[in-house]
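Written below as structure tokens is the structure these notes are about.
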Amino acid sequence: MTARSLRSGENAKDADEFDVEEALALVKEDNGAAHRAPAPPPQGSGRAPESHAHHKATPWAEARATAARAARAVTRSARRAPVSVRLEDALGLTLAAPLDALTDLPSFNTSAMDGWAVAGPGPWAVRDEGVLAGHAEPAPLTDGEAARIATGARIPPDTTAVLRSEHGQTDEKGRLHATREVVHGQDIRPRGQECRSGDQLLPPGALVTPAVLGLAAAAGYDTLAAVPRPRVDVLVLGDELLTEGAPRDGLIRDALGPMLPPWLRALGAEVTAVRRLGDSAAALRKAITGSDADVIVTTGGTAAGPVDHVHPVLGRIGAELLVDGVKVRPGHPMLLARTKENQHLVGLPGNPLAAVSGLLTLAEPLLRTLAARPAPEPYTLPLRDEAHGHPYDTRLVPVVLRGDSAVPLHYNGPAMLRGIAAADALAVVPPGGSRPGQEAELLDLPWASAGIGVCFT
């Protein structure tokens, strides 16, 4: 979306330059408690109630942990019960039960190569009939006999070995001779070589990749027991947004409407609705209270300006604020609320890169945990160049990976997408910044780590 600077309080300089003493409600320590959304600010005041003026935002790492904990509470409820999914619909889901082999693999002795099935020492008399894949078990071989065989075909009983096509030749009498030593059992895949019926092939929690689909099919599955995708409604706020054409007359294009749904799908969600509500508190309240999604994602309106309605609406419906502001730049006005027993709302700032920060800070751990996906292993790389930091807060900076280092990108302001569009990851820059050569934690973008075909299915 959009720079909502004059409307949201991200004005004056840049969202990265704000002091932490802002209109953010205190998040209680991790004791399972939460607090209610603050009462609505005075209309048109453009600032939070004075009683909240000195409250501090949640540290970045703590905010991510809070989002994951909120999701774990939901996953224990019946609403997140496993579903049976056909193989063609299971890509990107998480296994809810062990993948146990339904048969031996291979289920019969099979040839690993094109060539001849041979019995006993050579030379061998070659049968007229060959053995092809997909046919019934052939007649047994006798010592000194061979039969042409294709890769994947059933091995005739009493076969000693398979002689590869390139390792045999026939003489003028049609007898087969080996040009290399024949070892007993060579190029035969014995029944059960890969697994026996009942063996666990993959544990619960494994991500269903294309290879997993192939393994499941080979093992005899038509459907898989999987964790359902969390359902997400996206609510795009802002009267200033255009849905087509170039910006004009003080209006700007909605960037988040096109960007968020595929990004959320990349995080394992099923996007059930994308609604553009403008700046209407009544429409926002109706959309939130009427949603039966697992997660609601809003864009913009999370600060304390005169048309920033997210906090007031959450207060009026009795939502519990789990995270109200995060010590991260860009994106510090992000929030996480529990709107119903098994429903959460992630409030993203309206600036595009700030919204990306909110996605990776709050939406990613929430959705990943709801989808039962494993957390990615943290990793670091040295920064090739200096990464400027915020005096007090964590900063997320788009980077490209070049060899064994990460290169910070320009165009990384809160309202900019040019940097993130070229990025491989976001570097987690601590308060004060990072020097060239200093190790930085990296957050992979979902398509960079999982592949386009997997994450966008």
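Values reported hereafter were calculated over all heavy atoms of this structure, with side chains retained and with hydrogens, waters and symmetry mates removed. Positions are given from 1 along the sequence.
- A63 is linked by a side-chain contact (heavy atoms from CB on, under 4.5 Å) to T58, V323, V326, T361, L362, counting only residues two or more places apart in sequence or in another chain.
- In this structure, N351 and P330 have side chains that are not in contact, with every pair of non-hydrogen atoms separated by 4.5 Å or more.
- Residues L235 and I288 meet the side-chain proximity criterion, which asks for heavy atoms closer than 4.5 Å.
- The number of heavy-atom neighbours closer than 6.0 Å to CZ of R180, taken from other residues, nucleotides and ligands shown, is 12 or below.
- The closest side-chain heavy-atom distance from V271 to L260 is not below 4.5 Å.
- Inter-residue side-chain proximity for R64 and L443 is flagged as met; some heavy-atom pair is nearer than 4.5 Å.
- Under the 4.5 Å side-chain criterion, counting only non-hydrogen atoms from C-beta, L367 is not in contact with V346.
- R189 and T151 share no donor-acceptor pair across their side chains, judged by distance under 3.5 Å alone.
- Checking side-chain atoms of S111 against main-chain N and O of M113 turns up a donor-acceptor pair under 3.5 Å.
- A salt bridge between E320 and R338 is present, with a side-chain N of the basic residue lying under 4.0 Å from a carboxylate O of the acidic one.
- Evaluation of the side-chain contact (heavy atoms from CB on, under 4.5 Å) rule for H177 yields P123, D171, R175 as partners, not counting sequence neighbours.
- With D233 contributing its side chain and S291 its backbone, the two residues share no donor-acceptor pair below 3.5 Å.
- The pair D187-R164 counts as a salt bridge, with a side-chain nitrogen and a carboxylate oxygen less than 4.0 angstrom apart.
- Using a 4.5 Å cut-off on side-chain heavy atoms (C-beta onward), P156 and I149 make contact.
- Checking side-chain atoms of S405 against main-chain N and O of R384 turns up no donor-acceptor pair under 3.5 Å.
- For D158, the side-chain contact (heavy atoms from CB on, under 4.5 Å) test picks out P140, with sequence neighbours left out.
- Remark: V212 pairs with L202, V208, T209 by the side-chain contact (heavy atoms from CB on, under 4.5 Å) rule, at least two apart or across chains.
- In this structure, the side chain of T299 does not engage the main chain of L348 through any donor-acceptor pair within 3.5 Å.
- At least one donor-acceptor pair closer than 3.5 Å links the side chain of D294 to the backbone N or O of R231.
- Under the rule for a side-chain hydrogen bond (donor to acceptor under 3.5 Å, both in side chains), T110 has no partner lying at least two apart in sequence or in another chain.
- Between R86 and E88 there is a salt bridge, since a side-chain N of the basic residue sits under 4.0 Å from a carboxylate O of the acidic one.
- Note on residues 110-124: no pairs pass salt bridge (Lys or Arg N to Asp or Glu O under 4.0 Å), not counting sequence neighbours.
- The side-chain heavy atoms of V131 and W116, taken from C-beta on, include no pair separated by under 4.5 Å.
- Listed for the T94 side chain is a donor-acceptor partner under 3.5 Å among the backbone atoms of A371.
- The backbone N or O of D100 lies less than 3.5 Å from a partner atom in the side chain of Y221, making a donor-acceptor pair.
- A donor-acceptor distance shorter than 3.5 angstrom exists from the side chain of D254 to the backbone of L256, with no hydrogens or angles considered.
- Contact annotation: the side chain of R329 never approaches that of P431 to less than 4.5 Å [non-hydrogen atoms, C-beta and beyond].
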